[in-house]
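Some notes on the structure that comes next.
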There are 2 protein chains.
Amino acid sequence: MTTSRRDRAPVSLTVDLVVLTVRDGQLQVLLIVRGAEPYAGQLALPGGFLRPGEDLEVAARRELWEETGVEGGMLHLEQLRTYAARERDPRGRVVTVAYLALAPGLPIPSAGTDAQSARWEPVGNVLSKSVSLAFDHNQILADGVERARSKLEYTTLATVFCGETFTIGELRHVYEVVWGMPLDPRNFNRKVIKTDGFVEPTGATRSLDTGRPAALYRRGNKTDALHPPMLRTTIT
Amino acid sequence: MTTSRRDRAPVSLTVDLVVLTVRDGQLQVLLIVRGAEPYAGQLALPGGFLRPGEDLEVAARRELWEETGVEGGMLHLEQLRTYAARERDPRGRVVTVAYLALAPGLPIPSAGTDAQSARWEPVGNVLSKSVSLAFDHNQILADGVERARSKLEYTTLATVFCGETFTIGELRHVYEVVWGMPLDPRNFNRKVIKTDGFVEPTGATRSLDTGRPAALYRRGNKTDALHPPMLRTTIT
DNA sequence: ACAAAAGTGTTGAATCTACACCCATGC
DNA sequence: GCATGGGTGTAGATTCAACACTTTTGT
């Protein structure tokens, strides 16, 4: 190690969050309107600077709370990727660690202290570039959505989009929205039920406006890997 | 954004590499003996400080070359994860971005300028703690191996462990070593051949010491996703 | 001839897909 | 009754796992 002290680039670290939910039959992302330069007034992912001695995941939950009022205590949070391109932030060398959060349908967030406002936006509007985000946040969002899509295939993660208890139909709805394709309700039902540890019945049922009441389930004990995976047999 | 300047923790960024290869029927990782404090004389993953204005992936290839003499030009390199626990480095707040590299059987590296020596070590010896690494590198290695194992299932990545051209037997050997389980040569053959874009025949054959010569293949045009995946049907 | 590795055939089991069909509720 | 969504049955196609068997080389 002959690295001299001046070869060690000191950088600022930020944490940004891709918070996804399923609302109104669409996959939506939580965005804020930036209140300060750079990119003041523009839409961006929630996030901010890591504080001295703070852990990344702690910082992620804190920023989420401060900027959007969303309580991060019980949502699924996983590290997505780190972005460090030189020109990504006009303030200098700012490296960001992006996190992916998946949440059940959340209340419309109330503006916190650090943001003028926060809101849900359908990801389709952002990915198609009709809504443009600050920094490289369009890219980060695209990576997050891609991660979510593929994780639905080989993990039980879809259940975190649902509430504490849910019907198989609701779970199927999550898959259909995230993958953007219809699934056969009858085959989906069987597949989920017979996959060990995916969901477990609560015994209760839920009545919708119309139709037969559906059995309610909660998340199974299998946290992640699905064997065999839920296949989307169409082309990718 | 009311973040004051002192709330922005300046950190040092390092890049560390989990370089995996298949040698002598074992999955092996490239390690160096640290030449400087902290952890001088102890084994560690190759890596080092990011230089001002340097991109992460460039830094990863540079450190690999400087510390081990391995030419990173043509090996598969992907970001693994970022580690930022407060106590992970005695020098202060040092955050590391870990990269995973997969390479065909490489020559035994010659020591470079920054390391007293570099060598291959079977990952089993490290994961079982009979070999202990500096910093949190044991954890980083475990995460890298886990990533490699699962990527073999649903991507064509196993081919990067092979040379430019390879036999199906060699490819199967990669799977067997990384997954640590025997596979049926006959079924494996068919599965790989019929999976569109996995491998394509070169027309040539290769003779081993004994047995019928095997047809040679090169990587197919499908870079990543495998549909359907190569399933390990046994318990995980 | 024999050993060894490559590759093909085949068979029964399991799974997937596309339906027909029944069930339970609100209106 | 009728619309609507929940859930079961089932037949044909596809895939999988296991293993017999043939092919092609070196010795």
Side-chain angles (χ1 to χ4, degrees), chain A residues 22 25 152-154 158 162-163 165-177 179 181-218 226-236, chain B residues 22 25 152-154 162 165-177 179 181-218 226-236:
Chain A
V22 173
L152 252 58
E153 266 191 284
Y154 54 91
C162 302
T165 65
F166 49 88
T167 68
I168 304 293
E170 288 168 352
L171 186 62
R172 175 172 46 83
H173 186 236
V174 167
Y175 274 91
E176 291 180 327
V177 166
W179 284 354
M181 60 168 65
L183 299 173
D184 187 308
R186 299 154 298 186
N187 294 335
F188 183 87
N189 234 289
R190 255 181 306 235
K191 176 103 185 199
V192 170
I193 300 293
K194 79 191 300 206
T195 299
D196 220 57
F198 198 165
V199 297
E200 57 183 38
T202 65
T205 60
R206 171 181 300 167
S207 284
L208 287 317
D209 298 359
T210 175
R212 171 178 171 176
L216 280 174
Y217 295 82
R218 66 172 69 89
L226 265 187
H227 279 271
M230 305 287 289
L231 287 185
R232 358 171 214 185
T233 37
T234 47
I235 41 96
T236 48
Chain B
V22 173
L152 252 57
E153 266 191 286
Y154 55 91
C162 302
T165 65
F166 50 88
T167 69
I168 304 294
E170 289 169 352
L171 186 62
R172 174 171 47 83
H173 187 237
V174 167
Y175 274 90
E176 291 180 327
V177 166
W179 284 352
M181 59 168 64
L183 299 174
D184 187 307
R186 300 155 297 186
N187 294 336
F188 183 87
N189 236 289
R190 254 182 306 237
K191 176 104 184 197
V192 170
I193 301 293
K194 79 191 299 207
T195 299
D196 219 58
F198 199 165
V199 298
E200 57 184 38
T202 65
T205 60
R206 172 182 299 166
S207 284
L208 288 316
D209 296 0
T210 175
R212 171 176 171 178
L216 281 173
Y217 295 82
R218 67 171 69 89
L226 264 188
H227 280 270
M230 305 288 290
L231 287 185
R232 354 171 217 184
T233 36
T234 45
I235 42 96
T236 47

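Numbered from 1 within each chain, the chains take letters A, B, ... in sequence-line order.
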(Q) Taking the minimum atom-to-atom distance to the side chain of A/A215, which one of C/dA18, D/dG7, C/dG7 wins? (A) D/dG7
Q: Go along nucleotides 21-27 of chain C 5' to 3' and tag each nucleotide: B for a protein heavy atom under 4.0 Å from its base, S when only backbone or sugar atoms are that close, - otherwise.
A: B-BBBS-
Q.
Quiz question: by atom type and distance under 3.5 Å, do the side chains of A/R186 and A/N189 form a donor-acceptor pair?
A. no
Q. When you measure from the side chain of A/Y175 to the backbone N and O of A/L152, does any donor-acceptor pair fall under 3.5 Å?
A. yes
(Q) In the structure I gave you, are the side-chain heavy atoms of A/H173 and A/F166 within less than 4.5 Å of one another anywhere? (A) no
Q: Kindly indicate whether the side chain of B/Y217, heavy atoms from C-beta on, has any atom under 4.5 Å from the side chain of B/I168.
A: yes
**Q.** Integer-rounded Å distance: D/dG6 P and A/Y217 OH
**A.** 12 Å
Q) Do the side chains of A/P185 and A/R172 get nearer than 4.5 Å, heavy atoms only? A) yes
Q. Is any side-chain heavy atom of A/P213 less than 4.5 Å from a side-chain heavy atom of A/L208?
A. no
Q. Nearest-Å distance, CG (B/L183) to P (D/dA18)?
A. 11 Å
Q. Does B/N189 make a side-chain donor-acceptor contact with the base of C/dA6, cut-off 3.5 Å?
A. no
(Q) Donor-acceptor check, side chain of B/E176 to backbone of B/L183, threshold 3.5 angstrom: yes or no? (A) yes
Q: Nearest whole angstrom, please: distance from the C1' of D/dG7 to the CG of A/L216.
A: 15 Å
**Q.** DNA chain C-proximal residues of residues 169-177 of chain A, any heavy atom under 4.0 Å
**A.** none
Q: Figure out the CZ/C1' separation between B/R190 and C/dG9, and round it to whole Å.
A: 8 Å
Q. Out of curiosity, B/E170 CD to B/T167 OG1, how far, rounded to the nearest 0.5 Å?
A. 3.5 Å
Q: Provide, to the nearest angstrom, the distance between the CD1 atom belonging to B/I168 and the P atom belonging to D/dT23.
A: 21 Å
Q) Given D/dA18, C/dG7, D/dT15, which nucleotide is nearest the side-chain atoms of B/D184? A) D/dA18
Q: Measure from NE2 on B/H227 to C1' on C/dC16 and round the result to the nearest Å.
A: 16 Å
Q: Using atom CZ of B/F188 as one end and atom P of D/dA18 as the other, report the distance to the nearest whole Å.
A: 16 Å
Name each donor-acceptor pair under 3.5 Å that joins a side chain in residues 192-204 of chain A to protein atoms two or more places apart or in another chain, with its distance.
| residue | atom | partner | partner atom | Å |
| --- | --- | --- | --- | --- |
| A/T195 | OG1 | A/K191 | O | 2.7 |
| A/E200 | OE2 | A/R218 | NH1 | 3.4 |
| A/T202 | OG1 | A/A204 | N | 3.2 |
| A/T202 | OG1 | A/L216 | O | 3.0 |

Q: Using atom CG of A/N187 as one end and atom P of D/dG5 as the other, report the distance to the nearest whole Å.
A: 18 Å
